[in-house]
Undergrad: 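Take this structure first; my questions come after.
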Amino acid sequence: MMEVTQQTGRFRDPPWAAALLSDTRLAWVWLPFRLWLGWTWLEAGWGKMTGTGWMDGGSALLGFWQRAIVVDPKPVIAVDWYRSFIQSLIDAQAYTWFAPIVAVGEVAVGIALILGAFTGIAAFSGSFMNWNFIMAGSASTNGLLFAVATGLVLAWKSAGWIGLDRWLLHWIGTPWQAGALISGRKREQRKAA
């Protein structure tokens with residue numbers, strides 16, 4: 001249960017959630033999920049990069065989009081604005097440059113998750129791709145992948161601890177808290193001024 005602290009008026013997480021999502025001692029819980037999801041993205045992206053229709057003109061993506069906007073007898077894409085969005089991408093021939101971005105993006109997400117580098121950002125990027133695949137009517141394993149990625153996004157502080165995030169986040173930091181490398185540069189600049 002959440003409780004409000006009297007001094008700050010802020011809600012505290014239940015102890016089990018705080019431990020699971022933030023305690024680096026439980027990073028091993030997230031490791032198999034992170035590695036599995038990373039491998040899944042790497043394998044999917046690598047297949048696109050080395051196969052045909054993705055890096056050589058985007059015909060595979062065009063075919064996927066064309067099948068997704070079919071309305072007869074029932075629309076594959078159930079949301080009208082998303083169907084219009086995909087149709088506008090087809091009309092603009094965006095598949096020619098968008099397909100390689102998808103393939104390289106999937107490989108990049110896979111590598112980052114396997115290495116535990118910027119795990120929260122990589123998992124969010126993967127979940128965004130899953131969301132788009134789901135919106136385009138491709139259920140497959142996208143719902144499961146989206147759920148695992150959401151867990152990794154929520155556990156970003158510990159999910160990459162057994163990986164490069166242990167050092168990257170310390171040295172680079174986050175947008176709201178500078179790491180040792182950046183804060184050290186700011187101190188040097190203040191001393192020089």
Side-chain angles (χ1 to χ4, degrees), residues 27 30-156 159-165 167-169 172 175:
W30 295 104
L31 181 63
F33 292 106
R34 195 188 84 217
L35 293 175
W36 173 76
L37 188 61
W39 181 256
T40 302
W41 278 116
L42 180 61
E43 192 174 43
W46 190 253
K48 288 176 178 72
M49 287 181 68
T50 58
T52 59
W54 289 89
M55 302 300 285
D56 56 355
S59 62
L61 184 58
L62 173 62
F64 176 73
W65 283 348
Q66 286 174 331
R67 287 186 300 279
I69 62 168
V70 172
V71 178
D72 186 33
K74 184 178 175 186
V76 175
I77 299 177
V79 181
D80 290 337
W81 69 262
Y82 197 80
R83 189 178 323 103
S84 298
F85 170 66
I86 296 297
Q87 182 63 58
S88 69
L89 291 174
I90 292 170
D91 294 343
Q93 298 182 352
Y95 54 87
T96 58
W97 57 266
F98 202 77
I101 290 174
V102 170
V104 171
E106 288 181 359
V107 169
V109 165
I111 291 171
L113 287 173
I114 290 169
L115 296 177
F118 303 109
T119 301
I121 295 168
F124 177 79
S125 300
S127 71
F128 183 68
M129 285 189 282
N130 288 129
W131 177 82
N132 278 283
F133 296 149
I134 291 168
M135 289 293 289
S138 174
S140 185
T141 60
N142 286 301
L144 174 62
L145 299 175
F146 183 85
V148 172
T150 300
L152 292 173
V153 169
L154 292 172
W156 69 273
W161 190 255
I162 302 173
L164 295 178
D165 277 351
W167 298 281
L168 288 172
L169 295 179
I172 296 172

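Everything quoted here is computed from the prediction, not taken from an experiment. These numbers come from the heavy atoms of this one structure, side chains and all, not from hydrogens, waters or symmetry mates.
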Undergrad: How long is the straight-line distance from CG of Leu61 back to CD of Gln66, given to the nearest 0.5 Å?
TA: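 The distance works out to 10.0 Å.
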Undergrad: Going by the angle between their ring planes, with limits at 30° and 60°, are Trp131 and Phe128 parallel, tilted or perpendicular?
TA: parallel
Undergrad: Has the side chain of Arg34 got a donor or acceptor atom that lies under 3.5 Å from a matching backbone atom of Ala159?
TA: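 Yes: the side chain of Arg34 pairs with the backbone of Ala159.
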Undergrad: Can you name the closest pair of heavy atoms from Ala136 and Tyr82 and give their distance?
TA: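 Smallest interatomic distance, heavy atoms only, reads N-CE2, 3.8 Å.
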Undergrad: Salt bridge (Lys or Arg N to Asp or Glu O under 4.0 Å) with Asp91: which residues, sequence neighbours excluded?
TA: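 So Asp91 forms no salt bridge (Lys or Arg N to Asp or Glu O under 4.0 Å) with any residue.
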Undergrad: Indicate the atoms forming the closest heavy-atom contact of Ser138 with Asn142, along with that distance.
TA: O-ND2, 2.9 Å
Undergrad: Please enumerate all residues that pass ring-ring contact (aromatic ring centres under 6.0 Å, His included) together with Trp156, with sequence neighbours excluded.
TA: Trp176
Undergrad: Could you pull out all residues at least two apart from Glu43 that satisfy side-chain contact (heavy atoms from CB on, under 4.5 Å)?
TA: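 Trp39.
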Undergrad: Return the CH2 to CD1 distance between Trp167 and Ile172, rounded to the nearest 0.5 Å.
TA: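 Answer for the CH2-CD1 pair, Trp167 versus Ile172, is 13.5 Å.
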Undergrad: Where is the tightest heavy-atom contact between Ser127 and Ala149, given as atom of each residue plus distance?
TA: CB-CB, 3.7 Å
Undergrad: My understanding is that only residues two or more places apart in sequence, or in another chain, count here; which of them pass ring-ring contact (aromatic ring centres under 6.0 Å, His included) with Phe133?
TA: none
Undergrad: Within this structure, what is the CH2-CD1 distance for the pair Trp97 and Ile101, rounded to the nearest 0.5 Å?
TA: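 Here the interatomic distance stands at 5.0 Å.
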Undergrad: Would you indicate whether Phe124, at its atom CZ, is surrounded by more than 12 heavy atoms from other residues, nucleotides or ligands within a distance under 6.0 Å?
TA: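 Atom CZ in Phe124 is not packed in, count stays at 12 or less.
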Undergrad: Let me check something: any side-chain donor-acceptor pairs from residues 108-119 under 3.5 Å, sequence neighbours excluded? List them with distances.
TA:
| unit_1 | atom_1 | unit_2 | atom_2 | d |
| --- | --- | --- | --- | --- |
| Thr119 | OG1 | Asp165 | OD2 | 2.8 |

Undergrad: Quick one: CG on Asn130 to CG on Leu37, what's the gap to the nearest 0.5 Å?
TA: 7.5 Å
Undergrad: Which atom pairs, donor and acceptor, lie under 3.5 Å between side-chain atoms of residues 49-56 and protein residues at least two apart or in another chain?
TA:
| unit_1 | atom_1 | unit_2 | atom_2 | d |
| --- | --- | --- | --- | --- |
| Thr50 | OG1 | Trp46 | O | 2.8 |
| Asp56 | OD1 | Gly53 | N | 2.7 |
| Asp56 | OD1 | Trp54 | N | 3.4 |

Undergrad: Counting C-beta onward and ignoring hydrogens, is there a side-chain heavy-atom pair between Asn132 and Met129 closer than 4.5 Å?
TA: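 Counting from C-beta outward, Asn132 and Met129 never come under 4.5 Å.
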Undergrad: Taking atom OH of Tyr95 and atom CG of Leu89, what is their separation to the nearest 0.5 Å?
TA: 11.5 Å
Undergrad: Evaluate the ring planes of Trp65 and Phe98, with Trp represented by its six-membered ring, and classify them as parallel (under 30°), tilted (30 to 60°) or perpendicular (over 60°).
TA: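 Because their plane-to-plane angle lies in the 30° to 60° range, the rings of Trp65 and Phe98 count as tilted.
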Undergrad: Calculate, to the nearest 0.5 Å, the distance between atoms CD1 and CD1 belonging to Ile77 and Ile134 respectively.
TA: 13.0 Å
Undergrad: Side chain of Arg83, backbone of Val71: donor and acceptor closer than 3.5 Å?
TA: no
Undergrad: Is there side-chain contact between Val76 and Ile69, with heavy atoms separated by less than 4.5 Å?
TA: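 No - every pair of side-chain heavy atoms lies 4.5 Å or more apart.
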